[in-house]
2 protein chains.
Amino acid sequence: MANSSHRPIRPATPLRSARAQKITPVPRESTVDLIAGRLRQAIFEGTLPAGAPLGEAELAEQLGVSRGPLREAAQRLVQERLLTTTRRRGLAVISMDAATVADVYLGRTAVECAACRVVLRDNLVDRTVRTLTRVHQRMVRANKRRDAHAVGDTDIEFHQALVDAAGSPRLSASIATLLIETRLCTYSLDRQFRVRADMPDSHAEIIDAIAARDEPALLAVVERHMAEAARRLTAPTEVDTISSPAPAAPRPLDPLELPLDD
Amino acid sequence: MANSSHRPIRPATPLRSARAQKITPVPRESTVDLIAGRLRQAIFEGTLPAGAPLGEAELAEQLGVSRGPLREAAQRLVQERLLTTTRRRGLAVISMDAATVADVYLGRTAVECAACRVVLRDNLVDRTVRTLTRVHQRMVRANKRRDAHAVGDTDIEFHQALVDAAGSPRLSASIATLLIETRLCTYSLDRQFRVRADMPDSHAEIIDAIAARDEPALLAVVERHMAEAARRLTAPTEVDTISSPAPAAPRPLDPLELPLDD
DNA sequence: GCTCGTATGTTTGTTGACATTAGGATCGTC
DNA sequence: GACGATCCTAATGTCAACAAACATACGAGC
């Protein structure tokens, strides 16, 4: 429950262009939604490590639900490519390799560049810069604390907010899945959970490029951002990193304790 | 079974870079995969029209399966945004409106432009041009026959092949869903099922731009292609179109007759 | 000593039934 | 005559049990 306060992944209302809704946008979530959210959160937090095989009976008992809804939720994550299923072998969290990392960052580049272009085209620069600056300030503070987990959270949150700014439900949904995969890359390929000292600067470049309203320059900055991140994950040894003091390593199997009621 | 020979949607092996596999890449599909494929096909073919509410008991009986696997398959399509589910209201095919059309084409632009850039970057131009030319020749023949359905099929197949050429599983999966939504747009917003006489020319431009290896020009062509298609769908009345003689209108409810064995 | 076949165990895949809930229709009242 | 409340029906949401299939381990045969 340490970092479940901000919830960057798949908010209840992904686009805020539908502000003219009455009062309640049907807040009650389906049980399958809740289970799928919990599974995503568990993958995101590293509770379910990459490549781990999952017994659905055990998972269902931990979540306090039956196997039926659990299987339905699992099919959603299979569709998202966060889980894999093989006949009679059961479910497993996707395992990350170099090709997968490259593909994830290829998808991220496509989605985030498209979102940036929408932000410039639809004149959403001011609001986007304000939102991203707030996230960036939290990133700076987390970086000063040498809190690797918080830096990673703000990194994910930054890119989710960047795409959400475009107001496109499809782009937002795509980036949510891709960011969970990114986080999974971090857990499985960057185990030291190092804090890169230049991460705030790298994101400040993006904010500045958006504020400058120069589309080619912005796209170049975003592309370079992605290429460097992908290269950093595929080339594990790095020098200009700072190891985190208490990195909150992937806990073995935190029981998910699904409330299903609140 | 008229147009199930080409199967542009989600082939069994989306990337052919894994050619070095032993002999059998585990061809057997899961039952949920089969059901999900049938549902996608039904939406793609217009058997399940946009906005139609679906009773899962009736669907399960038509497919010859129980409600459990059907519900699991439906959750996959919900994740793909092809179906929607509301509590105690059941499933429904997504309904298309102008905002959705715009979002679909925004996503398509992002994915297809990214795929084009990969094709140029990884020097896949020759093979891609050959593949697309074959599809384009079929499109030309279908256009000469005034076969609106076949033209639409080759259109979808063209763009799927374009993205598949990049060899990215994520881009291919994304475009598959977006193309089904595109087809749904055609069914719900362009009911006349008109054959645009200039459609082959429009796609020839894309092939030529790929062959020219000029990235900015190629991206501009693709973007214009998408913008015109989106504009055409949102502005229903058009003049330079040719109505199809026997347009094979959306059949009311062709029983899906799932074999599950072949 | 190695390999193949068999038996067992654990898992998934599927099915049917039960409970819950929302929608609609009917009846009563104002 | 119209509005509202209540009952009924039909659908979904959930769960437990059955069966099939794969993987593993053990033993026999070469």
Side-chain angles (χ1 to χ4, degrees), chain A residues 12 22-39 48 51-79 82-95 253 256-262, chain B residues 22-39 48 51-79 82-94 253 256-262:
Chain A
K22 297 297 185 300
I23 35 175
T24 63
V26 195
R28 62 269 189 93
E29 272 183 306
S30 171
T31 305
V32 178
D33 285 318
L34 293 172
I35 299 174
R38 283 303 178 95
L39 290 178
L48 300 176
L54 306 176
E56 58 185 41
E58 180 189 8
L59 263 184
E61 188 178 5
Q62 284 188 349
L63 291 164
V65 296
S66 187
R67 281 179 51 212
L70 175 74
R71 284 174 63 90
E72 294 180 23
Q75 290 298 331
R76 285 206 189 180
L77 299 198
V78 169
Q79 190 62 39
L82 293 178
L83 296 181
T84 60
T85 175
T86 43
R87 282 181 64 86
R88 306 286 173 186
R89 294 285 289 274
L91 301 164
V93 185
I94 56 168
S95 58
L253 196 64
L256 300 178
E257 52 196 28
L258 184 75
L260 275 182
D261 297 298
D262 56 353
Chain B
K22 297 295 186 301
I23 34 177
T24 63
V26 196
R28 60 271 190 91
E29 272 183 305
S30 171
T31 305
V32 177
D33 285 318
L34 292 173
I35 299 174
R38 283 303 177 94
L39 290 179
L48 300 176
L54 306 176
E56 56 185 43
E58 180 188 9
L59 262 184
E61 188 178 5
Q62 283 188 349
L63 291 164
V65 295
S66 188
R67 280 179 53 212
L70 175 73
R71 284 173 62 91
E72 295 180 23
Q75 290 299 328
R76 285 206 188 179
L77 298 198
V78 168
Q79 188 63 40
L82 293 178
L83 296 180
T84 59
T85 176
T86 41
R87 283 180 63 87
R88 305 284 173 186
R89 294 286 288 274
L91 302 164
V93 185
I94 56 168
L253 197 64
L256 301 177
E257 53 194 27
L258 184 74
L260 276 182
D261 296 298
D262 57 353

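A, B, ... follow the sequence lines: proteins, then strands. Residue 1 opens every chain. All values derive from a computational prediction rather than experimental measurement. We use all heavy atoms of the structure for the numbers below, so side chains are in, but hydrogens, waters and symmetry mates are not.
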Separation of atom [atom1] in [X] from atom [atom2] in [N], rounded to whole Å:
X: Q75(A); N: dT14(C); atom1: CD; atom2: C1'; result: 13 Å
X: R89(B); N: dT21(C); atom1: CZ; atom2: C1'; result: 12 Å
X: I35(B); N: dT15(C); atom1: CD1; atom2: C1'; result: 13 Å
X: E72(B); N: dT14(D); atom1: CD; atom2: P; result: 13 Å
X: L91(A); N: dT11(C); atom1: CG; atom2: P; result: 13 Å
X: L83(B); N: dT12(D); atom1: CG; atom2: C1'; result: 15 Å
X: L70(A); N: dG13(C); atom1: CG; atom2: P; result: 12 Å
X: E61(B); N: dA10(D); atom1: CD; atom2: C1'; result: 15 Å

(Q) With a 4.5 Å cut-off on side-chain heavy atoms, are D33(A) and R76(A) touching? (A)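 They are in contact (side-chain heavy atoms under 4.5 Å apart), so the answer is yes.
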(Q) Are the side chains of V78(A) and V32(B) in contact, using a 4.5 Å heavy-atom criterion? (A) no
**Q.** side chain to side chain donor-acceptor pair (under 3.5 Å) against E56(A), all qualifying residues, sequence neighbours excluded
**A.** R67(A), R71(A)
Show the distances under 3.5 angstrom between N or O atoms of the protein and N or O atoms of nucleotides 15-19 of chain D.
residue : atom : partner : partner atom : Å
dC15(D) : OP2  : S66(A)  : N            : 3.0

Q. For I35(A) and P69(A), which heavy atoms make the closest approach, and how far apart are they?
A. CD1-CB, 3.7 Å
Q. How would you label the contact of L54(A) with the nucleic acid (heavy atoms, under 4.0 Å): base, sugar-phosphate, or nothing?
A. sugar-phosphate
Q. Which distance, rounded to the nearest 0.5 Å, do you find between the CD of E58(B) and the CG of L70(B)?
A. 11.0 Å
Q. Is S30(B) near enough to dG13(C) that one of its side-chain N or O atoms lies under 4.0 angstrom from OP1 or OP2?
A. no
Q) Passes side chain to side chain contact (heavy atoms under 4.5 Å, CB included), V93(A) versus L83(A)? Steps please. A) CA-CA 5 Å; V93(A) 185; L83(A) 296 181; 4.1 Å; yes
